[in-house]
Amino acid sequence: MNSLILRVAARYLIALLLLFSIYMLFRGHNEPGGGFIGGLIAATGFILYAIACGTKEARTALFAEPQSIAMGGLAIALGSALFSGLVGDVPFTGQWAFFGATETEKGTPISTVIAFDIGVYLVVLGAVLTLVFAMEEEI
């Protein structure tokens, strides 16, 4: 598409969509959202950018091949799922660590649940962009 308005707007909208996708990713632990919907929203931003500026520029803006992103996300999700097996629990059991804990404060909680959601986010982002970029390059 050769629209100056769409090209300029897409640059701002992709930033907003990526920010909103990260919000949905981290919100999804206790409320609706999570890795799947966050990944779809992020993919929507890059798809809009690909429509406005072309697939080549969208691939450049992505900084990595979509297949590599999906495979990295799969490794993160699998690693977080199997981590609980290393500590003697059933796979996919959430494990929590508290960073910066003192005697009076708990610290910042980090869990394998959020790592799994980040992995799902990356898998969905990579898989959707792989399909869409392949279809757009065919046209």
Side-chain angles (χ1 to χ4, degrees):
M1 184 169 283
N2 195 12
S3 169
L4 178 64
I5 295 171
L6 182 60
R7 279 196 311 258
V8 171
R11 290 189 180 128
Y12 292 106
L13 287 174
I14 190 172
L16 287 174
L17 284 168
L18 288 175
L19 188 65
F20 184 61
S21 76
I22 292 171
Y23 168 74
M24 289 301 290
L25 168 68
F26 288 116
R27 177 181 180 256
H29 179 64
N30 293 322
E31 295 181 26
F36 188 81
I37 191 67
L40 287 177
I41 293 169
T44 302
F46 281 104
I47 292 167
L48 175 65
Y49 192 73
I51 291 170
C53 300
T55 307
K56 185 177 180 183
E57 283 190 43
R59 283 184 183 273
T60 304
L62 194 56
F63 292 113
E65 285 297 314
Q67 298 92 336
S68 300
I69 293 171
M71 294 308 290
L74 188 60
I76 292 170
L78 225 102
S80 69
L82 297 178
F83 180 76
S84 56
L86 294 175
V87 295
D89 283 336
V90 178
F92 291 101
T93 302
Q95 302 295 321
W96 294 86
F98 295 92
F99 292 103
T102 63
E103 291 180 15
T104 58
E105 292 183 16
K106 243 184 178 180
T108 304
I110 303 293
S111 74
T112 57
V113 177
I114 193 65
F116 182 79
D117 266 348
I118 291 170
V120 170
Y121 177 94
L122 293 173
V123 167
V124 170
L125 175 65
V128 169
L129 289 180
T130 297
L131 291 171
V132 171
F133 287 170
M135 286 191 298
E136 191 165 321
E137 287 169 350
E138 286 282 323
I139 295 176

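Please read these numbers as outputs of a predicted model, since none were measured by experiment. When reading the values below, keep in mind they use all heavy atoms of this one structure, side chains included, and skip hydrogens, waters and symmetry mates.
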In terms of hydrophobic clusters joined by side-chain contacts under 4.5 Å, are [X] and [Y] together?
{"X": "L74", "Y": "F36", "value": "no"}
{"X": "I51", "Y": "L129", "value": "yes"}
{"X": "F83", "Y": "Y121", "value": "no"}
{"X": "V128", "Y": "Y49", "value": "yes"}
{"X": "I76", "Y": "I22", "value": "yes"}

To the nearest 0.5 angstrom, please state how far the [atom1] atom of [X] sits from the [atom2] atom of [Y].
{"X": "L122", "Y": "M71", "atom1": "CG", "atom2": "CE", "result": "12.5 Å"}
{"X": "I118", "Y": "F26", "atom1": "CD1", "atom2": "CZ", "result": "4.5 Å"}
{"X": "T55", "Y": "E138", "atom1": "OG1", "atom2": "CD", "result": "11.0 Å"}
{"X": "F116", "Y": "L78", "atom1": "CZ", "atom2": "CG", "result": "8.5 Å"}
{"X": "L62", "Y": "L125", "atom1": "CG", "atom2": "CG", "result": "6.0 Å"}
{"X": "I47", "Y": "L131", "atom1": "CD1", "atom2": "CG", "result": "9.5 Å"}

How about [X] and [Y]: do any of their side-chain heavy atoms sit closer than 4.5 Å?
{"X": "F46", "Y": "L17", "value": "no"}
{"X": "L48", "Y": "I14", "value": "no"}
{"X": "E137", "Y": "R59", "value": "yes"}

[X] versus [Y], closest heavy-atom pair with distance:
{"X": "R7", "Y": "A52", "result": "CG-O, 3.2 Å"}
{"X": "G107", "Y": "F98", "result": "O-CD2, 4.2 Å"}
{"X": "L40", "Y": "T44", "result": "O-OG1, 2.8 Å"}
{"X": "L18", "Y": "A42", "result": "CD2-CB, 3.7 Å"}
{"X": "M24", "Y": "I37", "result": "CE-CG2, 4.0 Å"}
{"X": "G35", "Y": "V120", "result": "C-CG1, 3.9 Å"}

Requested in this report: Assess whether atom CD1 of I5 is packed by more than 12 heavy atoms of other residues, nucleotides or ligands within 6.0 Å.
Outcome: no
Query raised in the report: Checking S84 side chain against V90 main chain: does a donor-acceptor pair fall under 3.5 Å?
Result: yes
Report task. State whether the side chain of T112 and the backbone N or O of Q95 hold a donor-acceptor pair below 3.5 Å, judged by distance alone. Result -> yes
